[in-house]
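Reckoned from all heavy atoms, side chains included, excluding hydrogens, waters and symmetry mates. In this chain, numbering begins with 1 at the start of the sequence shown.
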Amino acid sequence: MKVDFREICKTLFLCIASVNLGFSSGFVLAGIIFAALFIYLHIKKFVVSVPEARAPRYKKSIAYLGLVPCIIWWVLTPGVDYGVSPFVVFIPAWYLLFLAWLQKRSVGNGAYEVFVAFNGVAVVFLGLFYAPKPCVLCGGIAILLSVFAYRRPRTALYKHLAFALLFAAFGAASFGGWQYWKSHRHYGGHWARDYYEKNRMMGFDPVAALGSFNSNYTSRYNNQVILRVWDTLAPEYLRAAVYEKYVAGIWKLPPKPMQKLYPSYYQVDYAVFESADSITRKPNVKSVWVQAALDNFGFMFASPTAIGVAAKNADSLDYYSTHVFAGANGHRGDWYYFESEHENPMANDSLDSTYLRVGKQYLGFVDSVSQEIGALLPDSSHTYLDVESVATAIKTYFLLNFRYSLHIPNLSRSRAQHDPLRAFWKAREGYCEYFATLAVLVLRHYGIPARYVTGFVHPERVPGRPYVLFRRHHSHAWVEVYAQNQWMPFDPTPPIFVREYASPSYLQSKWEGIRGRVAHLFHLLKEGEWRRTVDSWQTVTQGILESPYFYGALLILFALIVVLKFKGRQGVNRRHSTSNQVAYWISILNQAEKRLAKFGYVRNPGETVAAFANRVELHLHSIPQELQKKTHRKICSESIESLKRYEQSRWIS
């Protein structure tokens, strides 16, 4: 038996693809089973020597039915938050592997090798997702085997090998560059800084240092979209964190949360956290969906009027007395916050003396600053000064004496050597963090409770767009002052000095609108209310799969298929038997006619076999026996007898 090395390479290629996919997806046994099936097809074809024409017919209905378990598998697969589920890759890969086997078994009878090769190569590449290093090496070997096995007959082998080596070189360069970046990303360099700035949202942290917003304005990513808020009436000030204590150039959150919030109920996959049970189920409560593009350090960006938030994949949230929700794992993603027309039950925070404190090391400095700003007050005796007059004096002083700048001269990076707030006061220039920090300390000096706030301000609104967005340069720091029995926003940063950014072009605006709507569509498809129906289907499906009646029905169906298959084979055998009989009697007729033709007896066109036999027999009887040869008479008699037997038995089924 001649050995076909190309067919062996095809089989090895498909086996490696099967095993690789099994290891990378975690279903090793399934990969081994598919490899065994491909080996079986090879042995059946070349060892048992089954003719290719007798290969099973390729049926598209089986290929379509193969989608059913894949769809069920997808429905029963748990989702992955803030990333791509590996089953997005593995489920199509297993289906393509099934198609490769289905095509391979029917090559020559409705299936083609080109589809086997295409599906096999796709499985190899998809099987490298999450694959261990040995599988990556095996994948390279499988590609080389496919190049050899499926090469064009008149194309030189070295051309295929050169292509494979070039492909491997590009892959190795990409993989090596990725590994190098991972091992060197913590060591300086503009590329590392750019990557960090692109993937982190600066200025929001349990400890906020002055200057942390700087990269939001100076990097090349300052126009990057950070938040999409699906509410055309989104607040101008969307706050994230409220800080209370300023020490050595940094602001700190309250040390402990006021209370631990647990889910009151679930909205699809989102746990709803609120101050009172079922408060957000009331009809006058509005749900606002927020999509975050970058990590948010666990803060929920929400309006001060929010009565609760709904976060995915969170079992609890920390609620601070400053009306800040935190603890939702800090990853990029999305969430809801809820607003009510009624008074916010969480807004009336207990007024803490912390918001009147100025650190000892800043008492003298703040006193001197307050004296200069106090010259703008109607009365320097601040015992009866109202909040509005002090806030106006602070804002006016900054407007007349300071310049907005992203760089402060002589600002040392070491806070131990040089305090950034004093540097700001001396240089008379800086940006929002410095203005807000100094304003908070001056307000506290005058006995007005104040706190430092970070978040986003002045969202980008486009007519006709169903959402507003905040870009990186919309991040901001401002002040909240306690007046009229509530916390009110106060922004001391001079508005005319706020850095201007070029508005997006018409095409950029349209493209952003498309991206936002697509993101919302996928959100609805993935997390929308329709999933309740899918969940119910999943419950029903799980109940069916666990029912013994289901497996009983499968057993009955299998038995019915076996019976029908057996009857079908009987019918085939019967047809084969009838066909053999017809062929036998046709051969008898042909032999008899050939023998009679030698003696001049030929059946006329349209003459039946019986009439022909009678005509020959009458002619023989009319000839005297002495004129006939013995062999002549014997052969003719036997032939006439054969014709009569044919006429009697030909139509018996």
Problem set entry | Full working for side chain to side chain contact (heavy atoms under 4.5 Å, CB included) between Val247 and Gln361 | CA-CA 9 Å; Val247 177; Gln361 68 271 40; 3.7 Å; yes

For this session: Take Glu480 and Tyr355, measure what side chain to side chain contact (heavy atoms under 4.5 Å, CB included) needs, and give me the verdict at the end.
Result: CA-CA 10 Å; Glu480 282 186 350; Tyr355 306 120; over 6 Å; no

For this session: List the steps, then state whether side chain to side chain contact (heavy atoms under 4.5 Å, CB included) holds for Phe301 with Trp335.
Result: CA-CA 9 Å; Phe301 296 81; Trp335 64 90; 3.7 Å; yes

Problem set entry | Stepwise side chain to side chain contact (heavy atoms under 4.5 Å, CB included) check, Val290 with Phe470 | CA-CA 11 Å; Val290 182; Phe470 292 96; over 6 Å; no

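Tyr243 places none of its side-chain heavy atoms less than 4.5 Å from the side chain of Thr437. Between Ser264 and Phe273, the closest side-chain pair of non-hydrogen atoms is not below 4.5 Å. The shortest side-chain heavy-atom distance between Phe90 and Leu21 falls under the 4.5 Å cut-off. Counting heavy atoms from C-beta on, the side chains of Arg451 and Val440 never come closer than 4.5 Å. At least one side-chain heavy atom of Arg239 sits less than 4.5 Å from a side-chain heavy atom of Trp478. Using a 4.5 Å heavy-atom threshold, the side chains of Tyr362 and Asp419 count as touching. Between Val481 and Val390, the closest side-chain pair of non-hydrogen atoms is not below 4.5 Å. Inter-residue side-chain proximity for Leu253 and Phe299 is flagged as met; some heavy-atom pair is nearer than 4.5 Å.
Annotation for Ala63 and Phe98: closest pair CA-CE2, 4.3 Å, computed over non-hydrogen atoms. In plain terms, the two heavy atoms of Ala310 and Val272 that are nearest each other are CB-CG2, 3.9 Å. Contact between Glu244 and Pro255 at its shortest, heavy atoms only, is OE2-CD, 3.3 Å. Residue Val136 comes nearest to Leu128 through the heavy atom pair CA-CD2, 3.8 Å, listed as atom of the first residue, atom of the second, then distance. Closest approach of Ala477 to Thr493, counting heavy atoms only: O-OG1, 4.4 Å. Of all the heavy atoms in Trp289 and His523, the pair that sits closest is NE1-CE1, 3.1 Å.
Classification of the Trp73-Phe27 ring pair by plane angle, with boundaries at 30° and 60°, yields perpendicular. Ring orientation note: the planes of Tyr434 and Tyr431 are nearly perpendicular, at an angle over 60° on the 30°/60° scale. Between Tyr336 and Phe338, the two ring planes are parallel [angle under 30°; tilted spans 30° to 60°]. Between Tyr452 and Trp251, the ring-plane angle classifies as parallel under the 30° and 60° cut-offs. Phe424 and Phe435 have perpendicular rings, their planes meeting at more than 60° on a 0 to 90° scale where under 30° would count as parallel.
From Ile514, atom CD1 reaches atom CG of Leu521 across 13.0 Å, with rounding to the nearest 0.5 Å. Atom OG of Ser303 and atom CG of Leu238 lie 7.5 Å apart (nearest 0.5 Å). Distance check: Ile448 CD1 to Tyr482 OH gives 14.0 Å after rounding to the nearest 0.5 Å. Distance check: Glu388 CD to Met488 CE gives 9.0 Å after rounding to the nearest 0.5 Å. Atom CZ in Phe213 sits 12.5 Å away from atom CG in Leu406 (nearest 0.5 Å). A distance of 10.0 Å separates CG in Asp318 from CD in Gln259, rounded to the nearest 0.5 Å.
One side chain, Ser509 or Arg465, offers a donor N or O that lies under 3.5 Å from an acceptor on the other.
Here Phe325 and Tyr319 bring their ring centres to under 6.0 angstrom of each other. Here the two rings, on His458 and Tyr237, have centers that are under 6.0 Å apart.
Judged by distance alone, with hydrogens and angles left aside, the side-chain atoms of Arg357 form no donor-acceptor pair with the main-chain N or O of Lys245 at under 3.5 Å.
Around atom CD of Gln484, no more than 12 heavy atoms belonging to other residues, nucleotides or ligands sit under 6.0 Å away. Around NZ of Lys252, the count of heavy atoms belonging to other residues, nucleotides or ligands within 6.0 Å does not exceed 12.
For the salt bridge (Lys or Arg N to Asp or Glu O under 4.0 Å) condition, the pairs that include at least one residue of residues 509-519, sequence neighbours left out, are Arg228-Glu512.
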